[in-house]
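The chains referred to below are lettered A, B, ... by the order of the sequence lines, with proteins before strands, and numbering in each begins at 1.
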There are 2 protein chains.
Amino acid sequence: MDRLLDPELFRLLSEPTRVKLLSCLIKCGRPCSVTEIAECCSIDFSVVSRHLSSMAKLGVLDATKEGRTVWYEARTSEIAERFRAIADSIDQWKSQSCCNGAGRVCE
Amino acid sequence: MDRLLDPELFRLLSEPTRVKLLSCLIKCGRPCSVTEIAECCSIDFSVVSRHLSSMAKLGVLDATKEGRTVWYEARTSEIAERFRAIADSIDQWKSQSCCNGAGRVCE
DNA sequence: TGTATAGTTGCATTATGACGTCAGCATGCA
DNA sequence: TGCATGCTGACGTCATAATGCAACTATACA
């Protein structure tokens, strides 16, 4: 579980700006360029570029370079899968909690 | 989906310290006091208090005051449910993406 | 070759938030 | 009533990171 509860992934999603971009890409359902998203969301495109590349680096987005434009697309299935895995692993821990009434579990 | 992709929830989970506390509570499977967790995880208890109360405020933990001690317990099922809802909603968007090839979706 | 376009990166500024200390509050108990 | 305990809240400090601007690189095209 501790592996799945990846702080880095959540850090990405803790930024309203990034969530806005991601949500935009998920809803769009097709690859979008940096300029396109920047215009669509009214955010400085250097900011958009940085956010998108950081999300791509963490496997949340797919990036495809084609000429001078980069097409970003949300890895929708993988993201959903990741959340489901977390849910499953939490449920699993729930059903086998280790210290009924006493004991240390932190380390 | 924008409602489910709550940056506040992810912000909670983006802090390694908080994740440690949450993971500890989930694994423990029983209510724990602030002092208990602070000792168990070797973290200053004012820090623990702050983190636990913020997680309780966001519905991740249950807080029960009993005399001077506060018992915190992970809302395991609710958390898992929340992640599943996110996964479902992402899948749903995927299957009905709104702007095939054009159009604005951000606002 | 010159110019326009698409995107990235460096930099300074600003904002956010985590931490530890300490004081304060409520509760329990002698 | 006085004191100990469990926790919370305010404050100052520090580190991280988000932002906007401008300089830069790379590609396309006339």
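Summarising the geometry, the separation between CE on A:Met55 and P on C:dG7 is reported as 15 Å, rounded to the nearest angstrom. The CD1-P distance, from B:Ile37 to D:dG6, rounds to 14 Å in whole Å. Between the CD atom of B:Glu15 and the P atom of C:dG17 there is a distance of 11 Å, rounded to whole Å. Distance B:Glu36 CD to D:dG6 P: 11 Å, rounded to the nearest Å. If you measure from atom CG of B:Leu58 to atom C1' of C:dG17, you get 15 Å, rounded to the nearest angstrom. Remark: P of D:dA23 and CZ of A:Phe45 are 13 Å apart, rounded to the nearest angstrom. Atom CD of A:Glu66 is separated from atom P of D:dA28 by 9 Å (rounded to the nearest Å).
Of the candidate nucleotides D:dT8, D:dG6, C:dA18, D:dG6 has the atom nearest to the side chain of B:Arg68. Between D:dG20, C:dA6, C:dG20, one nucleotide has an atom nearer to the side chain of A:Thr69 than all others, and that is C:dA6. The listed nucleotides are C:dG7, C:dC19, D:dT8; the one nearest the side chain of B:Val34 is D:dT8. Looking at the side chain of B:Asp44, the nearest of the listed nucleotides D:dC7, C:dC19, C:dT21 is C:dT21.
Rounded to the nearest 0.5 angstrom, A:His51 NE2 and A:Phe45 CZ are separated by 14.0 Å.
Two residues are said to be in side-chain contact when any heavy atoms from C-beta on lie closer than 4.5 Å; B:Ser53 and B:Tyr72 meet this criterion.
Residue-to-nucleotide proximity on DNA chain D shows that, of A:Val47 and B:Thr35, the 5′-proximal contact is made by B:Thr35. Between B:Lys57 and A:Arg18, the residue anchored nearer the 5' end of DNA chain D, judged by the nucleotide with its closest heavy atom, is B:Lys57.
Taking 4.0 angstrom as the limit, A:Ser49 places a side-chain polar atom (N or O) nearer than this to OP1 or OP2 of C:dT8. One finds no side-chain N or O of A:Ser46 lying less than 4.0 angstrom from the OP1 or OP2 phosphate oxygen of D:dC21. Phosphate contact (OP1/OP2 of C:dC19, side-chain N/O of B:Thr17, threshold under 4.0 Å): present. Within the 4.0 Å cut-off from OP1 or OP2 of D:dT16, not a single side-chain nitrogen or oxygen of A:Arg11 is found. Close to D:dA17, at under 4.0 Å from its OP1 or OP2, lies no side-chain N or O of A:His51.
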Item to check | salt bridge (charged side-chain N to carboxylate O under 4.0 Å, His left out) assessment of A:Glu15 paired with A:Arg18 | outcome: CA-CA 5 Å; A:Glu15 245 291 309; A:Arg18 267 192 299 265; 5.2 Å; no
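B:Ser33 comes within 4.0 angstrom of sugar-phosphate atoms only, judged by non-hydrogen atoms across all strands, and of no base.
Taking hydrophobic clusters as Ile, Leu, Val, Met, Phe, Trp and Tyr residues chained together by side-chain heavy-atom distances below 4.5 Å, A:Trp71 does not share a cluster with A:Met55.
Taking 3.5 Å as the limit, the base of C:dG20 and the side chain of B:Arg50 contain a donor-acceptor pair of atoms between them.
Taking each heavy atom of B:Ala74 and B:Ile26 in turn, the nearest pair found is CB-CG1, 3.7 Å.
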